[in-house]
Amino acid sequence: MALVKTVATTPFAGQKPGTSGLRKKVAVFVQPHYLENFVQSVFDSIGDTTGKTLALGGDGRYFNRTAIQIILRMAAAAGFSRVMVGRGGILSTPAASCVIRKYKTFGGIILSASHNPGGPNEDFGIKYNIPAGGPAPEAITEAIYARSLAIDSYRTVESEDIDLDRLGIVRIGEMEVEVFDPVVDYADLMETLVDFDAIRALFASGFRMRFDAMNAVTGPYAHEILERRLGAAVGTVMNGIPLEDFGGGHPDPNLVHAHDLVAALAGPDAPDFGAASDGDGDRNMILGRDFYVTPSDSLAVLAANAPLCPGYKRGLAGIARSMPTSAAADRVAAKLGIPCFETPTGWKFFGTLLDSGKATLCGEESFGTGSDHVREKDGLWAVLMWLNVLACRRESVADIVTAHWREFGRNVYSRHDYEGIESAAAEGLMDRLRGLSLAGTVLDGRTVAVFDDFAYTDPVDGSVSTKQGIRVLFSDGARIVYRLSGTGTQGATLRVYIERYEDDPTRHALDPQVALADLITTARTLAEIEARTGRTEPTVIT
Ligand code: VG1
Ligand code: CO
């Protein structure tokens with residue numbers, strides 16, 4: 001029996017989980033006791049941990065391995081009887097959710113700062129997922145935060161580091177640590193949802209794709225599933241080896257950061273299909289040859305075509321999307337006669353809808369799509385769903401999306417991010433907006449029908465979340481939404497979401513920046529963006 005040590009500590013300010021866990025610079029996490037305080041606060045907030053099993057893994061970024069060893073010792077001291085760790089300490093976020101559900105663990109700890117850069121000078125992150133497999137709901141994250149403000153000691157054991165690269169079972173005191181291959185369970189789950197035979201036949205017919213793993217966690221999963229199980233050409237997966245600093249890039253699958261993939265998909269000789277995923281494998285970007293699918297449209301297209309995929313052939317119970325996500329999915333839901341739920345930003349808000357069977361597919365405009373197969377968004381799953389649809393329809397990505405717009409109309413959409421602005425300026429901008437009273441006024445020719453700060457009452461458990469984004473809803477269906485990011489680690493990021501419905505097919509091909517130009521001007525003027533932040537243009541447009 002390893003000796004349990006109690007270590008005296010004092011609270012750190014600011015251990016408050018954001019949109020998806022606690023994210024800070026590595027320099028913050030490596031301070032003595034910082035990680036330990038947070039982990040102990042988690043263990044103290046989730047009930048009796050004695051004799052339970054924990055899933056543990058991360059996106060492989062710098063400090064991942066060290067953090068895993070620290071958490072293993074603390075789990076032993078907390079009385080867990082078993083911890084399941086992905087080989088090398090690596091688990092994609094959706095694979096962690098899969099493992100928690102499949103082996104019915106007492107939740108899991110996921111180490112990730114997702115799409116944020118990694119390395120000694122960059123970001124690290126940690127979150128707890130509940131036994132259902134999803135991110136802890138706000139009631140738990142608030143309890144963790146409250147505990148972190150009162151903590152005066154944590155418990156650990158004396159023991160050597162374990163070898164994270166050797167599969168099998170070792171012990172820390174009485175606790176078993178099982179190092180397992182994280183790819184197999186996940187790939188097996190995918191085989192139950194999408195038609196691997198149909199996709200194999202698609203690749204055999206000469207269909208070509210590129211998958212950009214962005215030097216992040218999905219490389220090994222993509223190699224196994226796309227190249228080995230589905231027969232895609234060797235070399236389909238690019239940047240497929242996980243690196244601690246993601247090769248120095250932002251592992252964020254959008255047109256700016258996945259530029260190599262975007263370049264590879266341009267021109268007449270380009271592959272038929274392109275996709276990328278983020279640092280922890282829960283995001284996806286979908287591209288056709290010379291064609292970009294916005295995440296909001298991707299959700300709508302997958303919802304409309306889901307019955308082509310074996311796991312969804314009985315249809316969908318409902319669709320859920322985060323509030324800033326475009327209403328394209330709502331139109332599909334209306335046509336199918338199923339409900340569409342509008343939740344605050346962050347996957348944790350989909351959990352109750354998925355658990356209760358009210359929603360089958362979920363999505364966010366931030367390159368997140370998923371279903372009730374796990375309780376996280378799932379990048380490779382979305383790619384496989386698209387491949388299944390392409391295999392059945394044998395049309396190009398561009399043709400599928402433009403046909404979708406002809407049928408449903410197009411929700412022309414764009415998100416403008418102003419990254420790294422001064423926190424005080426960002427708060428001031430939001431506070432001023434909140435103080436306005438705009439309902440009934442006319443802005444640049446459009447009448448404001450609703451002006452509010454989005455609040456959400458969970459239809460399953462009744463919990464209420466307020467201040468989830470300022471909405472300007474116009475009477476013609478157009479809208480502007482303002483939010484501050486809850487995942488950044490430096491200054492503040494202002495996100496402005498702009499949307500307008502277009503039912504005229506002759507205007508569907510217009511560049512969204514052109515089609516939305518007047519609303520974009522309204523959005524900038526209304527929020528006094530230039531005067532308050534000094535920025536004339538956003539940092540990233542998606
Ligand atoms: C962003 C996105 C949000 C997403 C979150 C986590 O949050 O906007 O939709 O759920 O990242 O994604 P924010 O608060 O910065 O806007 V990731 O792939 O962590 O895991
Ligand atoms: Co992510």
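All heavy atoms count here, side chains included; hydrogens, waters and symmetry mates do not. One-based numbering, in listed order, for ligands and for the atoms of each.
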Any ion pair linking Lys127 and Glu376 (charged N to carboxylate O, less than 4.0 Å)?
yes
Do Arg524 and Val496 have side chains that approach each other closer than 4.5 Å (heavy atoms only, starting at C-beta)?
no
Between Asp181 and Arg87, is there a side-chain N and carboxylate O pair less than 4.0 Å apart?
yes
Would you call Arg321 and Glu364 a salt bridge, using N to O less than 4.0 angstrom?
no
Pairs of nitrogen or oxygen atoms closer than 3.5 Å, one from Tyr497 and one from ligand 1: do any exist?
no
Do any nitrogen or oxygen atoms of Gly488 come within less than 3.5 Å of a nitrogen or oxygen of ligand 1?
no
What N/O/S atom of Asp278 is the closest to the Co ion (ligand 2)?
OD2
Distance-only donor-acceptor check, side chains Thr352 and Asp461, under 3.5 Å
no
Look at atom 19 (O) of ligand 1 and find which of Lys127, Glu364, Arg23, His115 reaches it with the closest heavy atom.
Arg23
Mind checking whether Trp405 and Phe291 have parallel, tilted or perpendicular rings, split at 30° and 60°?
tilted
Does some side-chain heavy atom of Trp386 sit less than 4.5 Å from a side-chain heavy atom of Asn284?
no
Taking the Co ion (ligand 2) as the apex, Ser114 OG and Asp280 OD1 span an angle, rounded to 10°, of 100°
Taking the side chain as everything from C-beta on, heavy atoms only, tell me whether Asn411 gets closer than 4.5 Å to Arg331.
yes
Per-atom contacts, ligand 1 versus Gly346 - under 4.0 Å to a heavy atom
10 (O)
Candidate with minimal heavy-atom separation from atom 3 (C) of ligand 1, of Ser322, Ser485, Ser366
Ser366
May I ask you to list the atoms of ligand 1 that are less than 4.0 angstrom from any heavy atom of Thr19?
5 (C), 7 (O), 13 (P), 14 (O)
With a cut-off of 4.0 Å, which atoms of ligand 1 are near a heavy atom of Gly486?
13 (P), 14 (O), 15 (O)
Pairing donors with acceptors under 3.5 angstrom, does anything connect the side chains of His416 and Gln513?
yes
For Arg415, the ligand 1 atoms with a heavy-atom partner under 4.0 Å come out as 8 (O)
Restricting to N, O or S atoms of Asp282, which is nearest to the Co ion (ligand 2)?
OD1
Per the side-chain contact (heavy atoms from CB on, under 4.5 Å) rule, which among Arg495, Lys467, Met430 passes with Leu484?
Met430
Hey, which atoms in ligand 1 end up nearer than 4.0 Å to a heavy atom of Arg483?
13 (P), 14 (O), 16 (O)
Please state which option from Arg495, Lys377, Glu365 has its nearest heavy atom closest to atom 12 (O) of ligand 1.
Lys377
Consider every N or O of Thr345 and every N or O of ligand 1, then say whether any pair is closer than 3.5 Å.
no
Starting from atom 7 (O) of ligand 1, find the nearest protein heavy-atom neighbour and note its residue, name and distance.
Thr487 CG2, 3.4 Å
protein heavy-atom neighbour closest to atom 1 (C) of ligand 1 works out as Arg283 NH2, 3.6 Å
State the atoms of ligand 1, each with its element, that fall below the 4.0 Å cut-off from a heavy-atom position in Asp282.
18 (O), 20 (O)
Using side-chain hydrogen bond (donor to acceptor under 3.5 Å, both in side chains), reason through Asn254 and Thr542 one step at a time and then give a plain yes or no.
CA-CA 7 Å; Asn254 60 36; Thr542 51; over 6 Å; no
Should you measure from each heavy atom of Ser114, which atoms of ligand 1 turn up under 4.0 Å away?
17 (V), 18 (O), 19 (O), 20 (O)
Is Ser20 close enough to the Co ion (ligand 2) to have an N, O or S atom under 2.8 Å?
no
Intermediate values then yes/no, side-chain hydrogen bond (donor to acceptor under 3.5 Å, both in side chains), Asp417 and Thr493:
CA-CA 7 Å; Asp417 292 338; Thr493 293; over 6 Å; no
With heavy atoms and a 4.0 Å threshold, my read on which part of Asp278 contacts ligand 1 is side chain
